[in-house]
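Predicted model, so just to flag it, every value in this text is computed and none were measured. For ligands, and for the atoms within them, numbers begin at 1 and follow the listed sequence. The first residue of the sequence shown is numbered 1, and numbering continues consecutively from there.
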Amino acid sequence: MAILPIVQFPNPVLAMKCQPIAEVNDDIRRLAADMGETMYKAPGVGLAAPQVGEPIRMVVIDVSEDKNQLLTLINPVITERGEEKETGEEGCLSLPGIWEKVTRNTSITVQFMDLDGQKQEIHAEGLLAICIQHELDHLEGTVFIDHLSRLKYDRACAKLKKRRLQEKRDKAD
Ligand code: K1U
Ligand code: ZN
C-alpha cells in the first residue's frame with residue numbers, strides 16, 4: 001500500500017466530471033487501498049479519487065470513532081434524499097485550513113458497487129450522509145466552497161492563497 005499525494009485546489013482534476021468504473025479489477029482494489037491509507041494518514045473522514053489525481057467514480061469513507069469501518073463506494077448514486085436539511089461546517093483535504101458552513105440533506109440512500117463488483121445499497125444519516133454528499137460532489141467536479149456565496153467563495157480562496165504564501169515563507173526561513 002502507499003500514501004498518495006493529495007491534489008490541492010484549484011488543480012483542474014478537481015473540476016472534472018469523473019468517469020464511471022467499467023470493471024472492478026486489481027488496479028481499482030489497489031487504488032482503493034491506497035486511498036484508504038492516504039485518508040487515514042491525512043487524517044480525514046473521506047477521500048474521492050480525483051483528490052489523488054484519478055478522475056474516476058470511487059470514494060472511500062470512514063466516519064467511525066475507531067477508524068475501523070472503511071467504506072469504498074464505486075459508481076455511487078444517491079437514489080433518495082430525506083426532506084430534512086442541516087447546515088454544518090465542512091473541511092476538505094484539498095483546501096486545508098478552510099472550514100465553512102454548507103447545507104445538506106440529513107438522510108440519503110446510496111446505491112454503489114463494492115470491491116467485489118457487487119451492487120450494494122445503504123441508508124445514511126448524520127456525518128456519514130454529509131460525508132457521502134461531500135465526496136460525491138467531488139465526482140461531479142464540485143468542491144464544498146462552490147456551495148458558498150460569491151463573497152464567501154472569494155474570501156475562502158484569498159485565505160487559501162495567504163496560507164500557502166505563509167507556508168512558502170516558513171519553508172524558506
Ligand atoms: O473530501 C475530503 O477532503 C475529506 C473531508 C471530508 C469531510 C469533512 C467534513 C465534512 C464533510 C466531509 C475531510 O475529511 S476534512 C478533515 C476532517 O474532517 C477531519 C480531520 C481530522 C479528524 C477528523 C476529521
Ligand atoms: Zn473534499
Side-chain angles (χ1 to χ4, degrees), residues 1-19 21 28 31-78 81-82 84-110 112 122-149 152-161 163-164 167:
M1 286 205 288
I3 307 288
L4 305 171
I6 296 177
V7 167
Q8 296 300 299
F9 177 85
N11 188 304
V13 73
L14 295 174
M16 287 172 70
K17 185 171 166 73
C18 296
Q19 292 303 307
I21 292 171
I28 292 296
L31 176 63
D34 289 348
M35 284 172 58
E37 202 180 2
T38 304
M39 175 189 75
Y40 288 128
K41 174 89 193 311
V45 291
L47 193 68
Q51 292 181 279
V52 292
E54 298 288 346
I56 57 172
R57 302 186 80 80
M58 176 161 72
V59 307
V60 294
I61 292 173
D62 190 345
V63 296
S64 69
E65 243 177 53
D66 296 336
K67 298 291 161 218
N68 59 359
Q69 289 172 40
L70 181 62
L71 265 175
T72 302
L73 312 183
I74 296 168
N75 298 338
V77 178
I78 296 175
R81 291 176 187 269
E84 198 183 312
K85 293 192 175 189
E86 69 175 281
T87 302
E89 292 238 314
E90 295 188 16
C92 182
L93 299 173
S94 297
L95 294 91
I98 308 293
W99 289 87
E100 292 288 347
K101 284 186 175 149
V102 178
T103 302
R104 308 263 190 200
N105 297 93
T106 54
S107 71
I108 54 171
T109 302
V110 191
F112 60 98
I122 53 169
H123 180 74
E125 295 182 358
L127 180 58
L128 179 59
I130 303 301
C131 194
I132 291 173
Q133 290 170 80
H134 177 113
E135 300 310 331
L136 268 57
D137 266 1
H138 277 301
L139 305 185
E140 298 301 320
T142 298
V143 290
F144 76 111
I145 61 168
D146 291 327
H147 292 286
L148 305 177
S149 67
K152 284 187 176 169
Y153 177 95
D154 287 345
R155 276 190 191 153
C157 291
K159 190 173 172 186
L160 208 51
K161 255 191 184 169
R163 193 186 142 100
R164 285 189 185 143
E167 274 171 6

Leu93 versus ligand 1: do any nitrogen or oxygen atoms come within less than 3.5 Å of each other? yes
Side-chain H-bond candidate by donor/acceptor type, Ser94 with Gln51, under 3.5 Å: yes
Considering only N, O or S atoms of His138, the one closest to the Zn ion (ligand 2): NE2
Does a donor on one side chain sit under 3.5 Å from an acceptor on the other, for His123 and Glu125? yes
Within-shell test, Gln133 vs ligand 1, heavy atom, strictly < 4.0 Å: no
Taking only non-hydrogen atoms of Pro43, do any sit less than 4.0 angstrom from ligand 1? yes
Once you restrict to heavy atoms under 4.0 Å, what part of Trp99 touches ligand 1? Side chain, backbone, both or neither. side chain
Check ion pair Glu89-Lys101 (N to O, under 4.0 angstrom): no
Knowing that exactly one of Ile122, Val59, Val63, Val110 qualifies, which makes a side chain to side chain contact (heavy atoms under 4.5 Å, CB included) with Leu71? Ile122
Should Ser94 be counted as touching ligand 1, given the test is an N or O pair under 3.5 Å? no
The protein heavy atom nearest to atom 13 (C) of ligand 1 is Val45 N, 3.9 Å
Could you pull out, from Gly91, Pro96, Cys131, the option with a heavy atom nearest to atom 15 (S) of ligand 1? Gly91
Could you tell me whether the side chain of Glu100 reaches within less than 4.5 Å of the side chain of Glu90, counting heavy atoms only? no
Going by heavy atoms in the side chains, are Met16 and Leu14 under 4.5 Å from each other? no
Taking only heavy atoms of Gln51, which atoms of ligand 1 are found under 4.0 Å from at least one of them? 1 (O), 2 (C), 3 (O)
About how large, to 10 degrees, is the angle SG of Cys92, then the Zn ion (ligand 2), then NE2 of His134? 120°
Nearest to atom 6 (C) of ligand 1 by heavy atom, Glu90, Glu135, His138: which? Glu135
Side-chain touch Arg104/Asp137, heavy atoms, less than 4.5 angstrom: yes
Do Lys159 and Ile98 make a side-chain contact, defined as non-hydrogen atoms from C-beta onward lying under 4.5 Å apart? yes
If we only consider heavy atoms of Leu47, is any one of them less than 4.0 Å away from an atom in ligand 1? no
Tell me which part of Met39 gets within contact of ligand 1: side chain, backbone, both or neither, using heavy atoms under 4.0 Å. neither
Consider every N or O of His134 and every N or O of ligand 1, then say whether any pair is closer than 3.5 Å. yes
Please check: side-chain N/O of Gln8 versus main-chain N/O of Leu93, any donor-acceptor pairing under 3.5 Å? yes
For Glu37, is there an ion pair with Lys41 - N to carboxylate O distance below 4.0 angstrom? no
Counting non-hydrogen protein atoms only, what is the nearest one to atom 4 (C) of ligand 1? Give residue, atom name and distance. Gly46 O, 3.0 Å
